[in-house]
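Side chains included, hydrogens not; waters and symmetry mates left out as well; all remaining heavy atoms used. Values in this document were obtained by computation on a predicted structure and should not be read as measured data.
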Amino acid sequence: MTTSSSERSERGVSLGMPELPAPPYPDDVRARLETDAREIIARYPDSRSALLPLLHLVQSEEGHVTRTGMQFCADVLGLTTAEVTAVATFYTMYRRRPSGDYQVGVCTNTLCAVMGGDAIFEELQEHLGVGNGGTTDDGKVTLEHIECNAACDFAPVVMVNWEFFDNQTPESAKRMVDDLRAGRPVAPTRGAPLCTFKETARILAGFPDEREGAVEATGSAGPASLIGLKLAKGEAAPARVVHPRGEAPRDTPPHEPSPTEHLSSHDAPQDTSASDPEHPSGPVAEEGE
């Protein structure tokens with residue numbers, strides 16, 4: 001049984017000429033990258049261990065990991081291009097094609113999804129006119145759905161160049177990407193100020209963030225993430241009064257969280273099958289019944 005050329009094309013199979021070697025970096029670029037690479041490699045007892053930060057280094061040069069970048073990593077580490085490619089294609093933090101100045105990642109893992117992440121992702125796709133992994137025509141924003149950001153206390157979460165934007169809504173996310181495209185200042189919920197994806201990649205390669213105040217601005221987990229730790233240490237949690245549904249508070253005024261509290265979207269009472277009269281959960285059977 002033979003396979004037609006159209007069938008091979010549909011399956012993504014190419015029987016043409018082998019791919020030519022990657023073009024080298026210009027001499028000045030290669031010299032600069034080699035200087036940086038030597039500094040990175042010197043941090044490790046085994047040079048092979050420097051591959052991950054070196055991939056960030058070449059990504060900071062062109063905004064994604066090119067064949068030229070992978071060949072450079074192979075040359076300075078004494079590896080084969082197959083070994084470098086295996087790593088570069090395994091980790092999603094390394095981009096394999098040109099992307100935007102700002103990587104906007106919407107968490108669509110379970111908790112963020114049910115808290116509104118799916119809706120945010122769908123509306124951003126329509127608003128920006130791109131699909132998953134697509135980049136806007138102006139080269140500013142690349143949109144993608146991502147897995148857990150380890151920030152479930154603040155779901156739904158959007159990340160821009162790995163900085164947190166907590167408790168988002170479709171409206172706030174659309175305002176944020178519009179501001180990014182217009183060049184207006186955009187501040188993460190916590191952590192360092194935003195910089196471009198190339199600048200982020202260089203920081204991830206292990207070079208210092210030299211922007212004024214950037215290091216001091218980096219923060220730890222927010223209060224909602226630390227409640228369990230405080231309880232474990234014996235510290236009392238702040239009292240919160242939740243009145244029965246439909247009943248107005250008698251004496252205590254409603255608690256209005258201050259901006260410094262940065263409470264999670266989970267702090268508000270949620271409709272559940274046990275609390276919603278229109279969707280009763282039914283009798284609960286005892287074990288063995």
Side-chain angles (χ1 to χ4, degrees), residues 92-93 95 97 99-191 193-194 196-197 200 219 221-225 227 240 242 245-246 254-259 261-281:
T92 58
M93 67 180 73
R95 312 300 178 188
R97 59 183 179 180
S99 55
D101 293 334
Y102 299 99
Q103 304 279 329
V104 176
V106 182
C107 182
T108 54
N109 214 326
T110 306
L111 183 56
C112 275
V114 299
M115 294 295 290
D118 282 346
I120 291 173
F121 185 61
E122 290 174 6
E123 293 209 24
L124 282 182
Q125 288 185 92
E126 182 177 354
H127 184 68
L128 295 172
V130 299
N132 182 42
T135 301
T136 54
D137 293 338
D138 56 10
K140 292 291 186 181
V141 170
T142 295
L143 177 67
E144 62 178 351
H145 74 82
I146 55 180
E147 293 302 321
C148 183
N149 292 316
C152 304
D153 293 330
F154 305 111
V157 176
V158 176
M159 297 197 86
V160 180
N161 294 350
W162 311 120
E163 299 294 347
F164 288 103
F165 289 77
D166 301 319
N167 295 326
Q168 292 295 292
T169 66
E171 291 71 28
S172 67
K174 286 187 286 189
R175 286 195 302 270
M176 181 259 291
V177 296
D178 287 345
D179 287 342
L180 290 173
R181 299 183 70 184
R184 292 187 287 267
V186 174
T189 308
R190 49 199 161 101
L194 280 184
T196 67
F197 184 66
T200 301
S225 302
I227 290 176
R240 298 181 60 81
V242 179
R245 181 174 303 182
H255 174 66
E256 294 294 339
S258 67
E261 285 184 89
H262 186 48
L263 293 173
S264 163
S265 52
H266 302 257
D267 289 319
Q270 304 293 318
D271 290 342
T272 66
S273 60
S275 65
D276 190 345
E278 297 182 3
H279 300 86
S281 59

Could you check whether atom CG of Asp138 has more than 12 heavy atoms from other residues, nucleotides or ligands sitting under 6.0 Å from it?
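Check passes, neighbour count above 12.
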
Within 6.0 angstrom of Glu126 CD, more than 12 heavy atoms from elsewhere:
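No, CD of Glu126 has 12 or fewer neighbouring heavy atoms, counting only those of other groups under 6.0 Å.
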
Check whether any side-chain N or O of [X] sits under 3.5 Å from a backbone N or O of [Y] as a donor-acceptor pair, and report yes or no.
X      : Y      : value
Thr189 : Asp166 : yes
Arg97  : Gly133 : yes
Ser172 : Gln168 : no
Asn161 : Gln103 : yes

Mind checking the [atom1]-[atom2] spacing from [X] to [Y]? Nearest 0.5 Å is all I need.
X      : Y      : atom1 : atom2 : result
Tyr102 : Thr196 : OH    : OG1   : 6.5 Å
Cys107 : Met159 : SG    : CE    : 9.5 Å
Leu111 : Phe154 : CG    : CZ    : 12.0 Å
Asn132 : Thr108 : CG    : OG1   : 8.0 Å

Provide the full list of ring-ring contact (aromatic ring centres under 6.0 Å, His included) pairs with a residue in residues 118-140, sequence neighbours left out, each pair given once.
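Checked against ring-ring contact (aromatic ring centres under 6.0 Å, His included) - neighbours excluded - the pairs reaching residues 118-140 are Phe121-His145.
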
Might you point out which heavy atoms bring Leu194 and Val186 nearest each other, and give the distance in Å?
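In terms of heavy atoms, the two residues are closest at CD1-O, 3.8 Å.
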
Would you check if Lys174 and Leu128 make a side-chain contact, meaning some heavy-atom pair closer than 4.5 Å?
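Of all side-chain heavy-atom pairs linking Leu128 with Lys174, none is under 4.5 Å.
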
Using 4.0 Å as the upper bound for N to carboxylate O, is an ion pair formed by Arg95 and Glu144?
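Yes.
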
